[in-house]
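Comments concern the structure below.
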There are 4 protein chains.
Amino acid sequence: MGNENAPLSLREKQRKERLELLLQVAEEVFVEKGYLDTSMDEIAARVGIGTATIYSHFASKEELMVAAILEQNFQKNTQRVVEICSDAEGNATNKLTRIFHFLVSSDFFRRRVEMLYILRGNAEAQRALLARQEKITTSVETFSQTLTALIEQGKATGELQTSTPTSAMVKAFIGLIRTQGITDTLISKYSASNDEILQVYLHGIATHEQ
Amino acid sequence: MGNENAPLSLREKQRKERLELLLQVAEEVFVEKGYLDTSMDEIAARVGIGTATIYSHFASKEELMVAAILEQNFQKNTQRVVEICSDAEGNATNKLTRIFHFLVSSDFFRRRVEMLYILRGNAEAQRALLARQEKITTSVETFSQTLTALIEQGKATGELQTSTPTSAMVKAFIGLIRTQGITDTLISKYSASNDEILQVYLHGIATHEQ
Amino acid sequence: MGNENAPLSLREKQRKERLELLLQVAEEVFVEKGYLDTSMDEIAARVGIGTATIYSHFASKEELMVAAILEQNFQKNTQRVVEICSDAEGNATNKLTRIFHFLVSSDFFRRRVEMLYILRGNAEAQRALLARQEKITTSVETFSQTLTALIEQGKATGELQTSTPTSAMVKAFIGLIRTQGITDTLISKYSASNDEILQVYLHGIATHEQ
Amino acid sequence: MGNENAPLSLREKQRKERLELLLQVAEEVFVEKGYLDTSMDEIAARVGIGTATIYSHFASKEELMVAAILEQNFQKNTQRVVEICSDAEGNATNKLTRIFHFLVSSDFFRRRVEMLYILRGNAEAQRALLARQEKITTSVETFSQTLTALIEQGKATGELQTSTPTSAMVKAFIGLIRTQGITDTLISKYSASNDEILQVYLHGIATHEQ
DNA sequence: GATGAATGAGGTTTCATTCAT
DNA sequence: CATGAATGAAACCTCATTCAT
């Protein structure tokens, strides 16, 4: 009966609810308008709070963005990945396929990469990232370990090659997802679907015995 | 006898040289400081021209960035890709490997993706992109056709699978390169090198007959 | 039997102690950081009370500063000046010297002058000054009368000139102390010590008979 | 025929005139409202220029204040002091009296001291002071040397004591003027005029032979 | 009575863009 | 044509003060 479950006072409850709403709205606006064209005033107005109130939750615009993009979704995404891996049915390839589709559709990585690009070279942003990093360490760890375990299972069952290091397979997998994010005229002309791209990857890590 | 080959007047020659210098410097600064922290004044100062002069070449900051990042290098990069493909020696896999290393090291795609992310959702930027698009159409075409041809050659010689569509192979290849650009704590922990990632891809498109 | 001497309730006692602590801390912070960079939140945090609580004691930041700088020390300083003057030993010159050193070292006038400069022209501050003025009237009176009496004693004993009005001597004396407060590059180059400056003053008010 | 006397282009002339107007207006507003209650917007509005234009002349509000208070008047004041000292008529005491009255009436030291108090402890302000310091070094030197020379002349003619160091006399003189600046209820009750205060000083540095 | 969260109002500063020279 | 100075517009952020609990 830890008191973290103790009933929050009305004030605290309202504050917590507003924080969640703030994060949700912030994410929406950042995604809709991009970092540059999003102003703190607009976020506050949409939430229905004073601009200054945001600063009682987050020290800077950068910190708000990091929180909105990272914290908002990472835990949920990680949880879903774990669920997929825990499924009794399906082999490694099948599970990787499901994870791939889920993560591409969740848009999480697109936002994450966008954030990383935008905040690159911004000293304050680096600090914000660090300040918030620990809050998602658990998710990062779980996410990584889950993927690693999945691939090693695939190797153990002979489904995946053992000649390619697991780390390379994981890294390539994440890269594969990240790449789906942004539209580029250079590649938009290629009609290939996400599925076809995934096939190249799966083929690349699979064993090819007769 | 088109007069586009007529000798340029001194004025015109100087103007053209300055334009090239401007593009070069702009790219440097954008890459060095990022879009946000780059000011038109600084670019002009580094080039040694007046700020207003930039606006006689480009309609906006966005247009300058598009030009600096896209036009500045695309032609050069395309040319090198064509050269590699024209080489008498080496099969498709070997050439893809060389192209991969060249493009990763040239940093072209990192900058391009960064630009796309940053300018996403910015209406003025979209207009700028369109306004400049036609200037690089030739390069885009050449680049695409060269890669497509290379992969189809590989298919013809039996080196690459025919079951995967060429367009998917090309798209995955470009995605592979784009993914190398940005460091992310999520994948930075995986020690896999670029080479190992490339192997996954090459393995994924190769035939696996005994 | 005024009930101002009645035993205070625990509540009232605590409140009074907190007020004293508040004034002390406020003075510290104002002196440490200056008026501009001192925030009510910081003062409250250092005292360990809620920000809003300050406003149950003082109507505004200005009023708090006036109280903290004026009331906090004036009584103590006045008391010490009275003590020095009451000393059986020493003539007027000697006592003025001791008072001078005490007041310079106590830093009271520096803070007072700083406050006056900073709050000058601030209507709210003038109101605060007036609102608090009466609280220190006694000290002001005592301070003034003590100095005046001391100098008139000096005149009576023939130690000080009678040709200079007492009021001028007092005014010059206070000005002398006030002047020691702030460092200015214009006069910092003059190596003269406080003592030497004092000598000019003492020489200026002394009789010079052979 | 240095080209610093070359006719300025119309643009340059206008800019210079506006700068002078800016400094003058800035001084007025700072003196009228105090540092805190003066906003850059108001200064700009009164001058009739855009707020941003101020920043093409001065890097910060602090730098503007330093320039407006220091540079605006120091040279003029110094020049007048030098003129008084160069006067063939009058001995040292007489000249000190005239300098005293001039400087008190010019209000220069009051503003200077106010500035020093306000900017104390403000890091940006210290930088601004340094950045501008060199611009007034000449005036500082001239001012100091002129006063020093005047007093040493007084000593040479036997008018002033030689037992008190010149530096102490100068320092006390400047302190004397600085003290006239701010009204304080503590001393405002003393009816003594500036003149009477000055007498104490002059008496303090004079020789007292029979 | 005490509080901490909320905020309105405003401040300084930046910068892409324009325009008179 | 090239320019540097001017600037409008807006952004982020701060903080004294209030008010519901």
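Bear in mind that the values here come from a model prediction, so they are computed numbers and not experimental data. Here is how names work: the chains are called A, B, and so on, in the same order as the sequence lines, proteins then strands, and each is numbered from 1.
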Please report, rounded to the nearest Å, how far the [atom2] atom of [N] is from the [atom1] atom of [X].
X	N	atom1	atom2	value
D:K33	E:dG11	NZ	C1'	14 Å
D:E17	F:dA6	CD	C1'	16 Å
B:L64	E:dC15	CG	C1'	14 Å
A:L22	E:dA5	CG	C1'	14 Å
C:E12	E:dA2	CD	P	11 Å
D:E62	E:dT13	CD	C1'	12 Å
A:D37	F:dC12	CG	P	10 Å

Out of [options], whichever nucleotide has its closest atom nearest the side chain of [X]:
X	options	value
A:Y55	F:dC13, E:dT12, E:dT17	F:dC13
A:H57	E:dA16, F:dT17, E:dA6	E:dA6
B:S39	F:dA2, E:dA16, E:dA6	E:dA16
D:T51	E:dT17, E:dA6, E:dT13	E:dT13

Between atom [atom1] of [X] and atom [atom2] of [Y], what is the distance when rounded to the nearest 0.5 Å?
X	Y	atom1	atom2	answer
B:L36	B:F30	CG	CZ	10.5 Å
A:L19	A:E12	CG	CD	13.0 Å
A:E63	A:R127	CD	CZ	10.0 Å
A:E71	A:R132	CD	CZ	4.5 Å
D:I49	D:I43	CD1	CD1	9.5 Å

Look at the side-chain N and O atoms of [X] and state whether any lies under 4.0 Å from the OP1 or OP2 oxygen of [N].
X	N	answer
D:S56	F:dA6	yes
D:R15	F:dA6	yes
B:T53	F:dT3	yes

Inset, instruction - Go through DNA chain E and write down every stem, that is, every run of at least three consecutive Watson-Crick or G-U wobble pairs with distances under 3.5 Å, as range with range. - result: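 Looking at DNA chain E, the stems formed by three or more consecutive pairs are E:2-21 with F:2-21.
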Inset, instruction - For A:I54 and for D:L36, locate the closest nucleotide of DNA chain E by heavy-atom distance; then report the residue assigned to the nucleotide nearer the 5' terminus. - result: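 Of the two residues, A:I54 wins.
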Legend entry - B:S60 or D:A59, whichever maps to the more 5' nucleotide of DNA chain E: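 Looking at DNA chain E, the more 5' nearest nucleotide goes with D:A59.
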Legend entry - side-chain contact (heavy atoms from CB on, under 4.5 Å) assessment of D:L70 paired with D:M115: CA-CA 9 Å; D:L70 288 190; D:M115 188 191 71; 3.9 Å; yes
Legend entry - Evaluation steps, side-chain contact (heavy atoms from CB on, under 4.5 Å), between A:L64 and A:M40: CA-CA 9 Å; A:L64 173 60; A:M40 298 298 265; 4.1 Å; yes
Inset, instruction - Assign each of A:Y35 and C:K61 to its nearest nucleotide of DNA chain F by heavy atoms, then name whichever residue's nucleotide is nearer the 5' end. - result: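 Nearest-nucleotide comparison on DNA chain F picks A:Y35.
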Expected rows: protein N/O vs nucleotides 19-21 of chain F N/O, under 3.5 Å:
from, atom 1, to, atom 2, distance (Å)
F:dT21, O4', A:R11, NH1, 3.4

Legend entry - Those residues of residues 40-50 of chain D lying under 4.0 Å from DNA chain F by at least one heavy atom: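 Contacts with DNA chain F under 4.0 Å: D:I49, D:G50.
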Legend entry - side-chain contact (heavy atoms from CB on, under 4.5 Å) between D:R111 and D:N73, worked out: CA-CA 10 Å; D:R111 294 175 199 175; D:N73 286 314; 3.5 Å; yes
Legend entry - Among D:E42, D:E27, D:E28, the one residue meeting salt bridge (charged side-chain N to carboxylate O under 4.0 Å, His left out) with D:K33: D:E42
Legend entry - Salt-bridge present (D:K13, D:E17; N to O < 4.0 Å):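 No salt bridge links D:K13 with D:E17.
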Legend entry - salt_bridge(A:K16, A:E20) N-O dist < 4.0 Å: no
Inset, instruction - Go through the steps for B:Y35 and B:E62 under the test side-chain contact (heavy atoms from CB on, under 4.5 Å), then give the verdict. - result: CA-CA 9 Å; B:Y35 180 77; B:E62 286 89 350; 3.5 Å; yes
